[in-house]
Engineer: 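For reference, the structure I am asking about is given below.
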Protein chains: 2
Amino acid sequence: MGVLEKVAARPRVAKAKPQAPLPLDTILMDDCIAAMKSLPAKSIDMIFADPPYNLQLGGDLARPDGSQVDAVTDDWDKFDSFAAYDTFTKAWLKEARRILKDNGSIWVIGSYHNIFRVGTAIQDTGFWILNDIVWRKANPMPNFRGTRFTNAHETLIWASMGEKAKYTFNYRSMKTLNDELQMRSDWEFPICGGPERLKKDGHKVHPTQKPEALLYRVMLAASKPGDVILDPFFGTGTTGAVAKRLGRHWIGIEREGNYVEAAQERIEAALPLDESQLKTMQANTKKPPRVAFGQLVENGYLAPGTMLTDTKRRWRAVVGADGSLTCDTVSGSIHKVGSTVQNAPSCNGWTFWHIESEGALQPIDTLRQTYLLATQP
Amino acid sequence: MGVLEKVAARPRVAKAKPQAPLPLDTILMDDCIAAMKSLPAKSIDMIFADPPYNLQLGGDLARPDGSQVDAVTDDWDKFDSFAAYDTFTKAWLKEARRILKDNGSIWVIGSYHNIFRVGTAIQDTGFWILNDIVWRKANPMPNFRGTRFTNAHETLIWASMGEKAKYTFNYRSMKTLNDELQMRSDWEFPICGGPERLKKDGHKVHPTQKPEALLYRVMLAASKPGDVILDPFFGTGTTGAVAKRLGRHWIGIEREGNYVEAAQERIEAALPLDESQLKTMQANTKKPPRVAFGQLVENGYLAPGTMLTDTKRRWRAVVGADGSLTCDTVSGSIHKVGSTVQNAPSCNGWTFWHIESEGALQPIDTLRQTYLLATQP
DNA sequence: GTGGCTTGTGAATCCAGAG
DNA sequence: ACTCTGGATTCACAAGCCA
């Protein structure tokens with residue numbers, strides 16, 4: 001009999017009960033810590049947790065076109081202080097540790113607002129950090145005001161029960177998934193959108209729904225079929241849906257009724273995985289990396305002060321230390337300066353600008369190729 | 001006199017002296033905290049710190065009660081170790097905060113072993129995290145045993161002096177450097193190797209020498225020419241070498257004589273960029289002079305009575321002789337009228353309002369550009 | 001059908017300066 | 001401290017519309 005048949009077809013909702021048998025494939029509609037207390041010690045194989053980030057947002061934020069950004073303003077993300085957040089974090093981590101098996105492991109995701117406090121608490125609770133993983137967002141929200149770097153990633157921490165504890169790591173699966181190269185600690189996925197994003201009346205059901213591809217890789221890496229995976233901040237049930245697809249048991253804890261309802265429907269509709277889905281999910285990463293002109297300068301492929309020109313030597317421009325180009329009074333990116341001097345709406349600076357090399361002109365695009373060859377595996 | 005000439009050609013080594021003037025372009029051969037204590041308050045523009053990663057710090061370590069730890073003979077558990085590391089971290093961060101200017105900022109780099117504790121301490125010290133940055137290593141060391149993910153990144157934290165504090169961020173430089181796209185929070189660089197890697201007798205001088213490209217981007221992003229940049233864990237002086245190249249002053253603190261010696265030679269050999277290239281970088285960051293709408297009217301670029309409209313011709317407004325705009329009963333600045341008619345909290349009138357020109361609509365911002373080009377030297 | 005254009009939107013600690 | 005105002009700011013995708 002296959003593993004999948006052991007997973008209940010229809011997700012249940014229950015109130016947490018002390019001393020009950022493990023409520024497999026069930027959503028416990030309750031407070032996260034109270035529900036964990038109802039679970040027996042050393043009963044869970046893996047925990048995936050997406051706790052509140054403790055965002056401390058100021059006023060409203062508008063896009064340059066005037067539209068409003070729909071931010072996270074829910075009550076579940078409100079804490080009075082770092083101290084209050086730390087207390088909360090240590091409390092749920094302590095319960096997490098109690099219910100995890102000795103060879104279990106825990107994953108927690110967060111951003112710079114909370115991840116340092118979470119990581120510290122994980123270490124202080126006695127867990128042993130195995131890796132920190134960076135989820136690079138393919139399509140992050142830009143920084144509208146131009147005041148910081150685009151916040152384009154989130155961080156996951158993966159930890160075992162202790163320095164000497166065993167844990168599951170499916171090394172071969174990860175290597176296969178990554179074209180026979182070891183899986184690295186930086187993963188690129190798009191943010192959750194399209195048909196995967198749960199919506200009701202045209203509005204997103206949950207403000208921070210995670211992409212299934214992310215959970216897929218986490219479970220494939222650190223759990224086995226038939227394992228029990230707990231998500232103490234279940235939300236709309238991404239963890240449950242992926243667990244069902246991958247033949248893992250799951251337990252979700254969620255306080256808010258509308259999230260529970262959405263999660264239930266979603267998991268019920270989830271189908272155990274077939275090959276085609278697997279291929280689709282992983283077929284996203286193979287485009288050649290974009291190279292910015294500034295990288296060539298930063299990495300010494302082109303010295304600041306170098307003179308560039310076009311094929312007909314009509315214009316001469318100097319490379320700046322920041323990857324800018326200056327031609328007469330015009331300064332900016334290679335593309336911008338190219339379009340300005342030609343009075344053209346746009347210009348591909350890579351093919352327009354040339355470098356003198358042994359008497360011959362050569363487009364700077366060849367430098368980019370050289371750089372790509374040198375830096376690609 | 002240019003900025004560069006103020007930077008001492010030959011790096012000096014000194015013992016930290018209380019009340020001395022700022023020891024620019026000097027390596028202080030001393031304990032990190034003692035040396036920082038010798039520097040005056042609010043005197044540093046930027047700090048870049050690469051503190052020890054592992055928790056076995058030997059002589060640096062003191063227990064929370066202040067007693068010294070002998071890491072060789074003491075058999076302390078990891079909680080003592082974390083506590084000692086936290087004490088050390090908070091101590092140097094406190095001094096860092098004292099000597100930073102109110103509009104300064106701090107960068108700290110670390111890995112999952114220490115970065116969560118550092119990040120927590122940064123927040124607890126009163127700094128305000130602006131971004132966490134991921135350095136993706138193009139060529140990381142593989143995980144030989146196949147027991148975890150390849151540890152392919154390190155994390156930098158960038159923080160200002162407080163939530164409301166000002167700080168330097170050269171948005172335009174970063175955008176230029178990244179081919180006219182906002183710079184993201186994930187940066188890819190190769191690890192330090194090749195001719196850049198300092199070696200002596202065939203062995204690397206320092207185990208964790210950072211690539212210059214990394215420091216280059218950090219300084220280009222968050223400091224200005226002539227700024228004073230402190231590195232309290234100077235090592236072999238990457239911070240100093242890059243600071244010299246970029247026309248920044250630097251101060252390094254390093255206890256070990258062999259590192260100091262290597263850093264000195266290296267910085268002496270580093271070549272600064274010439275004035276023109278630094279000017280280019282500045283030109284990219286300095287904003288063009290503000291042009292009031294009324295100036296366009298005053299100078300005949302736009303006649304009073306001209307009709308303006310938005311892209312979809314939903315509203316029509318008339319230019320007044322005083323540079324005001326009137327749409328129906330609403331009258332005021334181009335921004336105010338734009339926001340009022342749209343019922344929006346704010347509006348950039350320069351891009352919202354358009355003028356009919358040869359049948360096509362054109363934002364009035366192009367008029368401003370024309371005016372700027374005609375009036376700027 | 002299809003290709004191009006427009007519109008919408010995502011875990012965001014997102015302004016500066018004058019008065 | 002506060003308010004007010006001028007004006008500077010966005011990228012990758014998905015979905016929908018139209019020619």
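Since the structure is predicted, the reported quantities are computational estimates derived from the model, not experimental observations. The analysis underlying the following values was restricted to heavy atoms, covering all of them including side chains, and did not include hydrogens, waters or symmetry mates.
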Engineer: Side-chain N or O of B:Lys164 less than 4.0 angstrom from OP1 or OP2 on D:dC2?
Structural biologist: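 Looking at the OP1 and OP2 atoms of D:dC2, neither is under 4.0 Å from any side-chain N or O of B:Lys164.
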Engineer: Looking only at side-chain N and O atoms, does A:Ser333 offer a donor or acceptor that is under 3.5 Å from a partner on A:His335?
Structural biologist: no
Engineer: As a test of reading the structure: which of D:dC11, C:dC14, C:dA12 is closest to the side chain of A:Asn151, going by heavy atoms?
Structural biologist: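 Output: C:dA12.
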Engineer: Side chain of B:Lys166, heavy atoms from C-beta onward: which of C:dG17, C:dA12, C:dA11 has the nearest atom to it?
Structural biologist: C:dG17
Engineer: Counting heavy atoms from C-beta on, name the nucleotide in C:dT7, D:dC11, C:dG10 closest to the side chain of A:Ile191.
Structural biologist: C:dG10
Engineer: Using whole Å, what does the distance between atom C1' of nucleotide D:dG6 and atom CD1 of B:Ile334 come to?
Structural biologist: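 Rounding to the nearest Å, CD1 of B:Ile334 and C1' of D:dG6 are 9 Å apart.
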Engineer: What nucleotide among D:dA8, C:dA11, C:dA12 has an atom nearest to a side-chain atom of B:Ser346?
Structural biologist: D:dA8
Engineer: Choosing from C:dC14, C:dA11, D:dA8, which nucleotide comes nearest the side chain of A:Trp76?
Structural biologist: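 Closest nucleotide among those given: C:dA11.
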Engineer: To the side chain of A:His113, which of D:dT10, C:dA12, C:dA11 is closest?
Structural biologist: C:dA12
Engineer: Under 4.0 angstrom, heavy atoms only, what part of the nucleic acid is B:Gln123 near: base, sugar-phosphate, or nothing?
Structural biologist: base
Engineer: Taking atom P of D:dG6 as reference, at what distance in whole Å does atom CZ of B:Phe293 sit?
Structural biologist: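 Whole-Å distance recorded here is 13 Å.
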Engineer: Can you tell if the side chain of A:Phe116 reaches within under 4.5 Å of the side chain of B:Val118, non-hydrogen atoms only?
Structural biologist: no
Engineer: Between D:dG6, C:dG10, C:dA11, spot the one nearest the side chain of B:Ser333, thanks.
Structural biologist: D:dG6
Engineer: Counting side-chain heavy atoms from C-beta on, which of C:dA12, D:dC11, D:dG6 comes nearest to B:His335?
Structural biologist: D:dG6
Engineer: Between C:dC15, D:dC11, C:dA12, which one does the side chain of A:Leu57 approach most closely?
Structural biologist: C:dA12
Engineer: Quick check with a 6.0 Å cut-off and a 45 degree axis cone: is A:Arg217 positioned over the face of A:Trp187's six-membered ring?
Structural biologist: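 Pair A:Arg217/A:Trp187 counts as cation-pi.
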Engineer: Cation-pi check, A:Arg148 to B:Phe169: give yes when NZ or CZ is under 6.0 Å from the six-membered ring centre and within 45° of the ring axis, no otherwise.
Structural biologist: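 Geometry flag: not set, cation outside 6.0 Å or 45°.
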Engineer: For DNA chain D, what are the stems built from at least three Watson-Crick or G-U pairs in a row, each pair having both distances below 3.5 Å?
Structural biologist: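 The stems are C:2-10 with D:11-19, C:15-19 with D:2-6.
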Engineer: Pick base, sugar-phosphate or nothing for A:Cys192, based on heavy-atom distances below 4.0 Å to the nucleic acid.
Structural biologist: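 Nothing, no nucleic acid heavy atom in range.
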Engineer: Could you check whether A:Lys210 gets within reach of a base, just the sugar-phosphate, or nothing at all, counting any heavy atom under 4.0 Å?
Structural biologist: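 Since a base atom lies under 4.0 Å of A:Lys210, the category is base.
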Engineer: For D:dC11, does OP1 or OP2 lie under 4.0 Å from any side-chain N or O of A:Lys137?
Structural biologist: no
Engineer: Could you check which of D:dT10, C:dT9, D:dG6 has an atom nearest any side-chain atom of A:Phe144?
Structural biologist: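 It is D:dT10.
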Engineer: How would you summarise protein contacts on nucleotides 14-19 of chain D per nucleotide, using B for base, S for sugar-phosphate only and - for none, with heavy-atom distances below 4.0 Å?
Structural biologist: SS----
Engineer: To the nearest angstrom, how far is A:Arg148 atom CZ from D:dT10 atom P?
Structural biologist: 16 Å
Engineer: Please walk me through it: do B:Arg368 and B:Asp365 pass salt bridge (Lys or Arg N to Asp or Glu O under 4.0 Å)?
Structural biologist: CA-CA 5 Å; B:Arg368 179 167 63 159; B:Asp365 198 37; 2.7 Å; yes
